[in-house]
2 protein chains.
Amino acid sequence: MKPTIKDIAGMTGVSVATVSRILNDQRGYSEETKERVEKAIKELGYKPNAVARNLVNRKSHTIGVLIPKLSTSFSAKLLQGIEAAAHQRQYSVLICNTDSNGERTMDYIQLLNEKQVDGVIFASELFTREYCRELLSSGIPAVVVSSVSVHPEVPYIKINDEEAAYAAAAYLIEKGHQNIGMISGTKHDPVAGMPRLRGFQRALKDYRLQFENSQLVFGDFSYSSGYRAIEQLLEKNPYITGVFAASDEMALGVISYCYEKGIRIPDHLSVVGFDDTEIAQMSTPPLTTVHQPIEKMGSAAFAKLASLMNGEEAESSYLPFQIIERGSAKRLS
Amino acid sequence: MKPTIKDIAGMTGVSVATVSRILNDQRGYSEETKERVEKAIKELGYKPNAVARNLVNRKSHTIGVLIPKLSTSFSAKLLQGIEAAAHQRQYSVLICNTDSNGERTMDYIQLLNEKQVDGVIFASELFTREYCRELLSSGIPAVVVSSVSVHPEVPYIKINDEEAAYAAAAYLIEKGHQNIGMISGTKHDPVAGMPRLRGFQRALKDYRLQFENSQLVFGDFSYSSGYRAIEQLLEKNPYITGVFAASDEMALGVISYCYEKGIRIPDHLSVVGFDDTEIAQMSTPPLTTVHQPIEKMGSAAFAKLASLMNGEEAESSYLPFQIIERGSAKRLS
DNA sequence: TTGTATGCGTTATCAC
DNA sequence: GTGATAACGCATACAA
């Protein structure tokens with residue numbers, strides 16, 4: 001069996017209290033006993049039991065991350081940012097793949113509650129009142145990242161999607177494009193769908209361009225939906241010279257479609273994406289897109305959570321986005 | 001404060017033992033008290049404290065995953081598979097980004113040990129004797145995935161890299177290519193570097209093709225290294241008609257390079273990748289590549305770990321790979 | 001069917 | 001400086 005604090009106490013002839021003091025380097029022991037004890041610790045290969053510690057300290061030094069899907073570049077980068085920040089502050093992170101399933105999410109919140117996590121980060125998905133209520137009633141500090149929360153007690157951190165989409169549309173317009181199509185994300189999605197569409201439409205309006213329904217098609221952020229969407233879009237509106245896709249994956253879908261059909265990018269069609277995940281730089285041509293500081297969002301989310309766990313206040317905030325010019329969009333000549 | 005088992009015992013006038021029995025639905029109580037107790041549980045919103053449970057049960061129902069980098073599609077898919085399998089069996093997963101750093105890895109193993117995880121999965125990185133020793137001495141069951149272990153007590157699960165690379169080369173050869181280049185992974189890397197190179201060379205030999213150094217260039221599995229590698233390769237050997245890259249990312253690097261230089265794929269050059277991550281299907285042209293069942297490897301790794309945690313034996317095993325034909329390679333005409 | 005008591009491995013509050 | 005000892009929240013062997 002693993003040695004306990006009691007074993008090393010017995011072995012050195014001191015009390016467990018003293019050993020505990022030495023372990024947590026408090027004061028209350030002579031240099032000599034300290035050495036004896038530390039020697040015994042080495043010999044027995046003693047490791048403190050964090051579970052027992054957590055029980056008495058009432059904190060687990062662990063946070064939970066609720067995320068809809070682990071297998072995307074976006075999630076991966078976000079997790080990377082969260083884990084890095086957490087590890088730096090000695091926190092462990094428990095991952096929970098919600099699969100965008102309400103029941104499963106609720107179960108996970110329960111679980112995290114039972115596991116006594118010190119905080120939770122809710123990522124890239126609609127943060128419902130139900131989730132919010134459950135979290136709040138459990139008393140666990142929480143922050144949402146890449147999505148919004150209406151409750152001030154759980155702040156959020158993200159980019160300003162509407163402004164970002166506005167910028168993307170404006171970019172295309174400034175390049176001389178007048179007939180621009182948009183491939184939106186999921187219809188009615190209040191976090192990444194609607195705002196990006198609104199931004200797009202507002203830009204057209206500000207630049208005194210007409211917006212017609214034939215310019216709009218909905219996808220679901222996925223590659224394949226982008227592929228299908230551009231096909232529809234081109235059918236409805238063959239004269240577009242530029243297209244803004246609400247995700248890089250959808251943008252890649254249009255690039256693939258165009259490649260197959262012999263539509264050259266950016267010569268025949270300019271396309272700008274959204275997210276700037278790894279695939280954006282790897283596509284051919286490389287994708288001009290709206291950069292989200294995903295990893296930074298992750299670490300910033302943890303920082304916010306750390307404040308909360310520290311009993312401080314924390315406010316929602318936006319992180320800056322940026323348009324990265326690569327090769328998929330050009331000035332209309 | 002959160003209600004404890006004691007609170008609900010006091011509230012219903014029964015002992016904590018009875019409450020505990022009801023919670024773990026064992027037997028030893030009347031239907032009537034059960035109802036009373038469950039009512040109190042609802043009212044107080046009582047949730048069992050998993051930390052306390054773990055302490056007495058000596059298991060945490062949690063596993064740790066050591067992984068070199070979270071932000072890649074490969075890691076993401078692997079995690080997805082692991083988490084899914086774990087969740088199904090009521091296990092939570094703690095993620096540990098080792099950053100391919102030895103010290104950090106050792107620290108994490110310590111941490112997982114202290115946190116009393118029931119098992120650990122070590123992923124896609126060289127599993128050193130040092131790690132192995134530490135894990136073994138801690139008594140935590142472990143399995144390595146997408147890498148190898150020489151110790152029978154910690155089994156591994158992966159595809160047969162050498163055979164897979166052999167198949168990739170053979171594929172190209174059967175398509176009529178005689179002068180094939182290879183962009184290998186990191187030099188001397190014993191897990192994904194060397195075996196793939198060996199497989200490639202063995203295929204050439206079996207098909208009685210010459211292998212010369214001018215056909216070989218080393219990258220580090222990354223996109224940018226693939227880009228640089230193809231440039232070098234073409235310089236050393238302008239007559240290759242096909243190239244096998246040891247990772248999809250590197251293959252995308254060659255596709256980008258060729259796109260820029262006007263080298264048409266697959267007309268001028270056939271390329272086959274390795275991994276079949278998401279990017280393979282999204283590239284233009286879509287990438288012909290060696291498919292690794294990454295997600296399945298993750299869930300299989302957990303299954304193996306579950307056996308180990310269950311006190312059973314578990315042996316290393318290979319999962320099948322497969323060549324996915326898409327558009328980046330064609331018969332030489 | 002139910003309750004008492006003990007222990008899980010630590011930390012912390014007292015005394016000495 | 002050091003040592004009992006009582007928590008922490010729960011499970012369980014043993015009684016009743």
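Everything quoted here is computed from the prediction, not taken from an experiment. Chain identifiers are assigned alphabetically (A, B, ...) following the order of the sequence lines, protein sequences preceding nucleic acid strands; residue numbering begins at 1 within each chain.
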Whole Å only: how far is the NZ atom of B:Lys59 from the C1' atom of D:dC10? 16 Å
What does A:Lys47 touch in the nucleic acid at a heavy-atom separation under 4.0 angstrom: a base, only the sugar-phosphate, or nothing? sugar-phosphate
Taking five pairs at each end of the helix from C:dT1-D:dA16 to C:dC16-D:dG1, what angle separates the two helix axes (nearest 10°)? 40°
Beyond-backbone contact of B:Lys69 with B:Thr72, side-chain heavy atoms, under 4.5 angstrom: yes
Determine the contact category for A:Val51: base if any of its heavy atoms lies under 4.0 Å from a base atom, sugar-phosphate if only primed atoms, P, OP1 or OP2 are that close, otherwise nothing. nothing
Please give, in whole Å, the distance from D:dG9 C1' to B:Ile8 CD1? 13 Å
Tell me the interatomic distance from A:Lys6, atom NZ, to D:dA6, atom C1', rounded to whole angstroms. 13 Å
Over how many whole Å does the gap from B:Ile5 atom CD1 to C:dG3 atom P extend? 12 Å
Hey, does the side chain of A:Arg53 come within less than 4.0 Å of C:dT11's phosphate (OP1/OP2), counting only N and O? yes
What pairs with A:Lys34 under salt bridge (charged side-chain N to carboxylate O under 4.0 Å, His left out), at least two apart in sequence or on another chain? none
With respect to A:Leu66, which candidate in A:Ile121, A:Asn97, A:Val120 satisfies the side-chain contact (heavy atoms from CB on, under 4.5 Å) definition? A:Val120
Quickly work out the B:Ile22 CD1 to C:dT1 P distance and round it to whole Å. 11 Å
Can you measure A:Asn113 atom CG to D:dG9 atom C1' for me and round it to whole angstrom units? 14 Å
Using a 4.0 Å cut-off on heavy atoms, which residues in residues 29-42 of chain B reach DNA chain C? List them by number, or say none. B:Tyr29, B:Ser30, B:Thr33
Between the protein and nucleotides 12-16 of chain C, list every N/O to N/O distance that falls short of 3.5 Å.
none

For residues 7-21 of chain A, dump all side-chain donor-acceptor pairs below 3.5 Å to protein atoms at least two apart in sequence or in another chain.
residue	atom	partner	partner atom	Å
A:Asp7	OD2	A:Thr4	N	2.7
A:Thr12	OG1	A:Ile8	O	2.8
A:Thr12	OG1	A:Ala9	O	3.3
A:Ser15	OG	A:Ala17	N	3.4
A:Ser15	OG	A:Thr18	N	3.4
A:Ser15	OG	A:Thr18	OG1	3.4

Show every side chain to side chain donor-acceptor pair (under 3.5 Å) that has at least one partner inside residues 295-311 of chain B, sequence neighbours left out. B:Lys304-B:Ser317, B:Asn310-B:Glu312
Ring centres under 6.0 Å, that's the criterion: do B:Phe122 and B:Tyr156 meet it? no
So B:Val19, base contact, sugar-phosphate only, or nothing? Heavy-atom distance under 4.0 Å. nothing
B:Lys39 atom NZ, neighbour heavy-atom count above 12 within 6.0 Å: no
Short side-chain N/O contact to C:dG9 OP1/OP2 from B:Arg58, under 4.0 Å: yes
Thinking salt bridges, do B:Lys42 and B:Glu38 make one under a 4.0 Å N-O criterion? no
In whole angstroms, the gap separating C1' of C:dG9 from CG of B:Leu55 amounts to 6 Å
Is the distance from OP1 or OP2 of D:dG3 to the nearest side-chain N or O of A:Ser15 less than 4.0 Å? yes
Round to the nearest Å and state the distance from B:Asn54 atom CG to D:dT12 atom C1'. 17 Å
